[in-house]
Protein chains: 2
Amino acid sequence: MPTALSPQVSAFVLHWGEMGSRWGINRTVAQVHALLYLSPKPITAEDIVDALQVARSNVSTSLKELMGWGIVRRVHVAGDRRDHFETMTDVWAMFRIILDERKKRELDPTVSAVRTCLEDARAAGPSEQVTVERLEALAEFFAVMEGGYQSLRALPPAVLVQTLKLGGAVGRVLNP
Amino acid sequence: MPTALSPQVSAFVLHWGEMGSRWGINRTVAQVHALLYLSPKPITAEDIVDALQVARSNVSTSLKELMGWGIVRRVHVAGDRRDHFETMTDVWAMFRIILDERKKRELDPTVSAVRTCLEDARAAGPSEQVTVERLEALAEFFAVMEGGYQSLRALPPAVLVQTLKLGGAVGRVLNP
DNA sequence: CTGATGTTTCAGTAATAACAGAAATATAGA
DNA sequence: TCTATATTTCTGTTATTACTGAAACATCAG
């Protein structure tokens with residue numbers, strides 16, 4: 001395995017890490033993911049340490065997280081005792097998984113919190129009239145988004161791409 | 001203005017702040033936004049200080065950021081010298097603005113970085129073959145997403161809601 | 001102009017999250 | 001079983017980001 005990354009790979013890894021951190025994803029996690037994504041074949045944790053120059057433990061934690069998301073998996077290479085890792089390469093599938101996970105972990109709890117607040121506000125009587133109205137609007141928004149997301153999510157990637165392109169056509173018709 | 005928030009409002013503000021911080025949005029910024037969203041009428045920075053128990057300067061910074069996003073604006077109340085603030089209440093419009101802003105600030109730079117890496121990798125010759133392939137897939141992904149997003153974005157909220165519900169119908173037909 | 005009120009900027013501090021390195025644990029082959 | 005090697009967990013440190021309070025700046029009424 002190369003100890004030094006090619007400038008192109010290195011540049012991508014850095015940018016990906018940067019973007020991740022802006023969306024609340026640990027920088028190292030995103031970098032590990034980027035490295036795996038551009039790697040032609042499965043690599044070891046040690047390779048990652050060499051490539052990214054981070055602590056072995058940090059790599060271990062990051063891999064664990066990526067495996068928890070289900071986008072990275074352990075693979076075994078004949079004649080090598082060490083674990084090797086690889087990521088999915090289907091970008092659409094990957095995107096869907098990441099979106100699903102983040103929705104589940106960060107959005108869903110908020111949505112149910114909103115629902116709870118809404119019920120409490122309703123129970124509190126007319127003093128919370130405005131609260132009720134605003135939270136209703138928010139809950140409705142989440143419900144529609146959820147529905148739309150679920151239906152798009154269920155589409156196979158190829159159909160989803162078509163839907164998006166179709167969406168573009170619909171958009172142009174409605175907004176010429 | 002109430003110095004103490006009602007339990008319902010307080011709960012929502014806390015949850016909203018929590019969610020924001022998980023998506024890379026400053027907690028106080030999100031809390032201020034939540035407070036404004038549930039406020040029946042424009043409130044002053046001082047009101048926000050009382051409600052959230054944070055420093056005046058912190059509120060000032062947060063309001064500036066929210067105004068920078070274009071979802072909060074200064075309004076004047078007759079007979080009061082102080083600035084008052086209010087947020088948009090159209091959740092869909094707000095969502096669109098936030099998405100636009102984040103796309104512009106965090107996604108677009110990454111997309112152009114990917115394009116640059118891709119060109120560099122192409123120029124580097126066959127040694128970067130895999131890099132080229134993977135980055136091409138990624139660039140294609142971004143391009144389709146961008147197109148789909150732009151067309152949905154351009155729809156008026158009511159049409160967008162319909163599109164999402166329609167999307168649900170399409171999805172059910174394709175995945176019964 | 002001047003003082004009172006309101007707002008923003010800035011430098012230092014505190015809180016949080018990321019990280020390294022060591023220690024502990026697990027596993028495979030001899 | 002024992003030893004070498006691989007992996008994970010844990011604790012203390014570092015870096016980053018958020019935040020406070022004070023000072024500077026702005027604006028309005030008198």
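Chain letters run A, B, ... following the sequence lines, proteins first, then strands; residues in each count from 1.
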- [ ] Check the distance between D:dA6's P and A:D50's CG and give it to me in whole angstrom.
- [x] 13 Å
Below 3.5 Å, can you tabulate the donor-acceptor pairs from side chains in residues 65-73 of chain A to any protein atom, sequence neighbours excluded?
from  : atom 1 : to    : atom 2 : distance (Å)
A:R73 : NE     : A:E86 : OE2    : 3.2
A:R73 : NH2    : A:E86 : OE2    : 2.9

- [ ] Before accepting this row, confirm whether a basic side-chain N of the pair A:R122/A:E119 lies closer than 4.0 Å to the acidic partner's carboxylate O.
- [x] no
Open item on the list: Once hydrogens and angles are ignored, does a donor-acceptor distance under 3.5 Å link the base of C:dT27 to the side chain of A:R81?
Closed with: yes
- [ ] Would you tell me whether A:T61 and A:N58 have side-chain atoms, one donor and one acceptor, within less than 3.5 Å of each other?
- [x] no
Open item on the list: Taking salt bridge (charged side-chain N to carboxylate O under 4.0 Å, His left out) as the definition, give me every residue that meets it alongside A:K103, ordered by chain and number, with sequence neighbours left out.
Closed with: A:D108, A:E146
- [ ] Scan residues 63-76 of chain A against DNA chain D and write down, sorted by residue number, each residue with any heavy atom closer than 4.0 Å; if none is found, say none.
- [x] A:K64, A:R74
Open item on the list: Is the shortest side-chain heavy-atom distance between B:F85 and B:D47 below 4.5 Å?
Closed with: no
Task: Any residue meeting side-chain hydrogen bond (donor to acceptor under 3.5 Å, both in side chains) with A:S112, in chain and number order, not counting sequence neighbours - done: none
TODO: Mind listing the residues from residues 9-32 of chain B sitting with a heavy atom below 4.0 Å of DNA chain D? Number order is fine.
DONE: B:N26, B:T28
Open item on the list: For a quick test of reading the model: is some side-chain N or O of B:S57 closer than 4.0 Å to OP1 or OP2 of D:dG21?
Closed with: no
Open item on the list: Please determine whether a side-chain nitrogen of the Lys or Arg among A:E18 and A:R22 lies less than 4.0 Å from a carboxylate oxygen of the Asp or Glu.
Closed with: yes
TODO: Starting from the 5' end of DNA chain D, give me the residue, B:S62 or A:T61, whose nearest nucleotide shows up first.
DONE: A:T61
Open item on the list: Tell me the interatomic distance from B:I48, atom CD1, to D:dC19, atom C1', rounded to whole angstroms.
Closed with: 16 Å
TODO: Identify, with sequence neighbours excluded, every residue that meets salt bridge (charged side-chain N to carboxylate O under 4.0 Å, His left out) alongside B:E140.
DONE: none
Task: Plane angle bin for A:W92 and B:F141 - parallel if under 30°, tilted between 30 and 60°, otherwise perpendicular - done: perpendicular
- [ ] Among D:dA6, C:dT7, D:dT20, find the nucleotide with the atom closest to the side chain of B:D83.
- [x] C:dT7
Open item on the list: With hydrogens left out and only the distance checked, is there a donor-acceptor pair under 3.5 Å joining B:R56's side chain and the base of C:dT8?
Closed with: no
Open item on the list: Over all strands shown, is A:N58 touching base, sugar-phosphate only, or nothing at heavy-atom distances under 4.0 angstrom?
Closed with: sugar-phosphate
Open item on the list: Rounded to whole Å, please give me the gap between CZ in A:F85 and C1' in D:dT8.
Closed with: 11 Å
